[in-house]
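Step one of this worksheet: look at the structure below.
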Amino acid sequence: MVHGLKKTLAGFLSALILLPAPSFAQNAGNDLPDIGSPASSSLTIDDEYRIGLQVIRQLRDEGQIIEDPEATEYLNGLGSRIVAQASGDSAQRFSFFFVRDDSINAFALPGGFIGVNYGLVLATRNESQLAGVLAHEIAHVTQRHIARRIHSQGRQSIATMAAILASILVGAATGSSDAMMGGISMAEGASMQQQINFTRANESEADRVGMGFLAAAGFDPYGMPDFFETIGRRTSITAGSRDALPEILQSHPVAANRIAESRSRAALFKDVHPSAESVSYSLTRERLRVLSTPPEDNVRRYYAERREQQDQTPGEHYGEALSLEQGGNARASLDAFYALAHDYPQVPMLQSTLGQALMAAGETDEALATFRKALALSPRNIPLTMRYAEALLKADQAKSAHAVLLDLFNNVAPTPEQIRFTALAASSAGDSADAAYYMSEYHIATGNLPLSVSQLEMALAVPDITGVQRSRFQARLDEVREALFANRKKRKAPDEERPQSGRDGGQRRSAGLF
C-alpha cells in the first residue's frame with residue numbers, strides 16, 4: 001500500500017496535460033454560485049479530469065481499487081442520489097469507487113473521482129453516515145477546492161506544495177516519524193501555515209455545503225456529525241502517539257467545535273424526514289467485509305460470534321452466506337441466498353450473488369435461468385449483466401456472452417472493467433477485431449491513448465472485417481490521433497503558460513476526511 005501510494009503521489013501533477021476525457025463520461029454539476037475566474041484560469045474542469053483520470057489509472061494498475069461490480073454499483077447509485085441535489089449547468093463529472101484500504105478515510109481527486117476506503121464503510125453504523133461522507137466529498141468537487149487551492153499558492157509553487165504534502169502523506173501512511181518530520185521541516189514558515197488554514201476553510205465549507213446536499217437527498221442530516229464523533233473517538237485513541245500527526249498539520253481535524261457546528265447545522269433541517277435505509281447498504285458493507293478479510297483471519301468466525309450474540313441482520317445473513325461461497329462451499333450458502341432473494345426480490349445484488357453461487361455449486365441451468373429472470377426485472381443492470389456473461393462464458397456460450405455485453409456497452413455508460421470484460425468475451429467468441437476495438441476503448445477509459453491507437457491499428461489489420469467495422473474503427477482511430485496531437489501541442493507550450501511539475505511533485509488525497 002505504501003509503495004503504491006508513493007508511486008501515485010509522484011505521478012499526480014505530471015498528468016495535468018496528458019489525457020483527454022473519454023467521450024462517454026457522464027456529466028453532473030451544481031447550482032451553486034460560480035466561484036469566479038481566477039481558480040478556473042489556474043485549473044479548468046477538463047484539466048482536473050485529466051489529472052484524476054491519471055491517478056485512477058495508477059491506483060487501478062497498483063490493485064488499490066476494489067473491482068467489484070455489485071459494490072461499485074451501490075456506491076455510484078448512492079453518490080448519484082446526492083449529486084442530483086448539486087446538479088446544474090456545470091460540466092462536472094462524478095465517479096465513485098472503493099479503495100482497498102482498511103483505514104477510515106475518503107478523498108476527492110481532481111475531476112470528480114471520489115474514493116472511499118472499505119475501512120470507512122465498515123466503521124459506519126447506518127447509510128446516512130456513509131452518505132454524509134460522500135456529501136462532504138462531493139462538496140469539495142462542486143466548490144472547486146482543488147483549483148482554488150492551486151490558485152491560492154500560485155502556479156510557480158505547485159510542485160513545491162505537492163512535494164510537501166506528499167512527504168506528510170507518506171509519513172502518515174508509513175507511521176514513520178522520520179518521514180513525517182522531513183515534511184514538517186519543509187512546511188515551516190508562514191506560507192505553509194497559510195495553506196493549512198486555507199485547507200481547513202475548505203473543510204468547513206464542504207461540511208456546510210455537503211450538509212445541504214445530504215438533507216436534500218432525503219438522508220438524516222445528523223449522519224454527518226454522528227460519523228464525525230466516530231472519527232473523533234478513534235482519533236483520540238491515537239492522539240498521544242509520538243508519531244501522530246501534529247494538530248498544526250492536520251488539514252482535516254475532527255475537533256469538538258467541528259462536531260458541534262455540524263450538529264447545530266443539522267438541527268436547522270427540521271422539515272427533513274429521512275427515507276428508510278436501503279437494504280443494499282448493509283449488504284454492501286458485509287460484502288466488503290468478506291471480500292477484504294484475509295483468509296487467515298477466518299471471517300466465518302466473525303459471523304458465528306455475531307449470530308451467538310444477537311439475531312442476524314439481513315446484511316449479516318448475507319455476509320455469512322457469502323463467506324461460505326467464497327470459501328469454496330457454495331452449496332451450503334444456497335439456502336441463505338434463496339431466502340434473501342425471496343425476501344428482497346427488488347435488490348439485484350441478491351439475485352446476482354444467488355446466480356454466482358448456483359454456478360459455483362454446479363447448477364448451471366438454474367443459474368442461467370436466475371440471471372435471465374433477474375435481468376427481466378432489472379434490464380441492463382451492470383452487475384447482473386456482467387455476472388450473467390461470466391456464467392455464459394463458463395457454460396461455453398461465448399457468442400451469447402458477447403451479445404449480452406455488447407447490448408450493455410451500447411446502451412449504458414460503461415466502466416473500464418466492463419469494457420475490458422467485453423473485450424474478453426469478444427475474443428472468446430472468436431471476434432478478434434471487436435476484441436481489439438473494445439480494448440482500445442478500455443485504454444481510452446483508463447487514460448492511455450497510445451495503447452488505444454495500437455489496439456485500433458490491430459483491429460483494422462484483422463482480415464475480412466466488414467465495411468461497417470472498418471469505418472467505425474478508422475473514425476475512432478482518427479479521433480484518438482487528433483486528441484494525441486492536440487495534447488502534444490499543449491505539452492510544447494512555454495513553461496510559463498502551464499503549471500510546473502517537479503520530479504517529486506504530486507499528491508493523492510487532495511481533499512478528504514483527514
Side-chain angles (χ1 to χ4, degrees), residues 65-78 97-102 116-125 127 130 277-364 366-368 370-371 374 378 381-391 394 417:
I65 293 179
I66 297 177
E67 303 280 9
D68 181 71
E70 287 81 5
T72 302
E73 174 88 350
Y74 166 74
L75 184 63
N76 275 279
L78 181 62
F97 60 96
F98 283 119
V99 181
R100 203 177 304 280
D101 192 322
D102 62 359
V116 180
N117 292 0
Y118 78 79
L120 183 144
V121 183
L122 299 186
T124 60
R125 296 194 304 275
E127 192 169 34
L130 177 57
E277 180 172 290
S278 72
V279 69
S280 295
Y281 159 75
S282 60
L283 297 177
T284 301
R285 185 178 61 182
E286 299 310 314
R287 183 175 182 87
L288 290 171
R289 188 189 309 278
V290 173
L291 296 180
S292 62
T293 301
E296 62 270 17
D297 288 353
N298 194 354
V299 70
R300 292 191 297 278
R301 184 182 302 120
Y302 166 83
Y303 288 112
E305 292 174 353
R306 296 284 294 179
R307 185 165 16 91
E308 291 175 359
Q309 296 169 1
Q310 60 188 40
D311 293 337
Q312 284 185 308
T313 65
E316 290 170 340
H317 196 197
Y318 173 82
E320 185 168 24
L322 185 62
S323 69
L324 289 170
E325 190 269 332
Q326 292 287 303
N329 195 357
R331 191 162 294 280
S333 71
L334 288 178
D335 286 345
F337 286 141
Y338 276 129
L340 287 165
H342 176 269
D343 291 343
Y344 302 96
Q346 77 285 7
V347 180
M349 185 188 303
L350 292 172
Q351 310 299 324
S352 172
T353 312
L354 173 59
Q356 287 180 280
L358 285 166
M359 282 297 296
E363 304 292 342
T364 301
E366 188 176 354
L368 295 177
T370 297
F371 284 122
S378 304
N381 175 271
I382 291 176
L384 272 174
T385 304
M386 291 184 68
R387 299 306 189 187
Y388 180 37
E390 285 179 355
K394 291 177 181 178
E417 182 61 19

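Note that these values count all heavy atoms, side chains included, but never hydrogens, waters or copies made by symmetry. Just so it is clear, the structure is predicted and the values come from calculations on it, not from any experiment.
Remark: the backbone N or O of Pro69 is not paired with any side-chain donor or acceptor of Glu417 at under 3.5 angstrom.
For the pair Leu122 and Tyr118, the minimum side-chain heavy-atom distance is below 4.5 Å. At a threshold of 4.5 Å between non-hydrogen side-chain atoms, the residues Ser278 and Tyr74 count as touching. Side-chain contact check for Val121 versus Phe98: some heavy-atom pair is nearer than 4.5 Å. With a 4.5 Å cut-off on side-chain heavy atoms, Met359 and Thr364 count as touching. In this structure the side chain of Glu316 reaches within 4.5 angstrom of the side chain of Gln310, judged on heavy atoms. Using a 4.5 Å cut-off on side-chain heavy atoms (C-beta onward), Leu120 and Asp101 make no contact. Counting only heavy atoms from C-beta outward, the side chains of Leu283 and Arg287 never approach each other to under 4.5 Å.
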Test log, rule side chain to side chain contact (heavy atoms under 4.5 Å, CB included), inputs Glu286 and Leu322 = CA-CA 9 Å; Glu286 299 310 314; Leu322 185 62; over 6 Å; no
Pair Ile66-Phe97, side chain to side chain contact (heavy atoms under 4.5 Å, CB included): steps then yes or no = CA-CA 7 Å; Ile66 297 177; Phe97 60 96; over 6 Å; no
request  = Starting from the C-alpha separation in whole Å, work towards a yes-or-no answer on side chain to side chain contact (heavy atoms under 4.5 Å, CB included) for Thr124 and Tyr281.
outcome  = CA-CA 10 Å; Thr124 60; Tyr281 159 75; 2.7 Å; yes
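A distance of 9.5 Å separates CE in Met386 from CG in Asp68, rounded to the nearest 0.5 Å. For the atom pair OG of Ser292 and CG of Asn117, the computed distance is 11.0 Å after rounding to the nearest 0.5 Å. Leu291 contributes atom CG, which lies 12.5 Å from atom CD of Glu67 (distance to the nearest 0.5 angstrom). Distance check: Leu78 CG to Glu127 CD gives 5.5 Å after rounding to the nearest 0.5 Å. Going from atom CD of Gln356 over to atom CZ of Arg387 covers 4.0 Å, rounded to the nearest 0.5 Å. Atoms CG and CG, on Leu130 and Leu75 in that order, are 7.0 Å from each other to the nearest 0.5 Å.
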Under 3.5 Å, which donor-acceptor pairs do the side chains of residues 324-341 form with other protein atoms, sequence neighbours left out?
residue: Arg331; atom: NH2; partner: Ala361; partner atom: O; Å: 2.7
residue: Arg331; atom: NH2; partner: Glu363; partner atom: OE2; Å: 3.2
residue: Ser333; atom: OG; partner: Ala330; partner atom: O; Å: 2.6
residue: Tyr338; atom: OH; partner: Glu366; partner atom: OE1; Å: 3.4
residue: Tyr338; atom: OH; partner: Glu366; partner atom: OE2; Å: 2.4

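Nearest approach of Leu288 to Ala71, heavy atoms of both residues: CD2-CB, 4.2 Å. The nearest pair of heavy atoms linking Phe371 to Ala391 is CE1-CB, 3.8 Å. The shortest non-hydrogen separation linking Val290 to Gly319 is CG2-O, 3.4 Å.
Applying the side chain to side chain donor-acceptor pair (under 3.5 Å) test to every pair with at least one member in residues 345-355, sequence neighbours left out, gives these pairs: Glu70-Ser352, Tyr318-Thr353.
Within 6.0 Å of the CG atom in Asp311, the count of heavy atoms belonging to other residues, nucleotides or ligands does not exceed 12.
When only modelled atom types and interatomic distance are considered, Tyr303 and Arg307 share no side-chain donor-acceptor pair under 3.5 Å.
For Arg125, the salt bridge (charged side-chain N to carboxylate O under 4.0 Å, His left out) criterion is met by no residue, not counting sequence neighbours.
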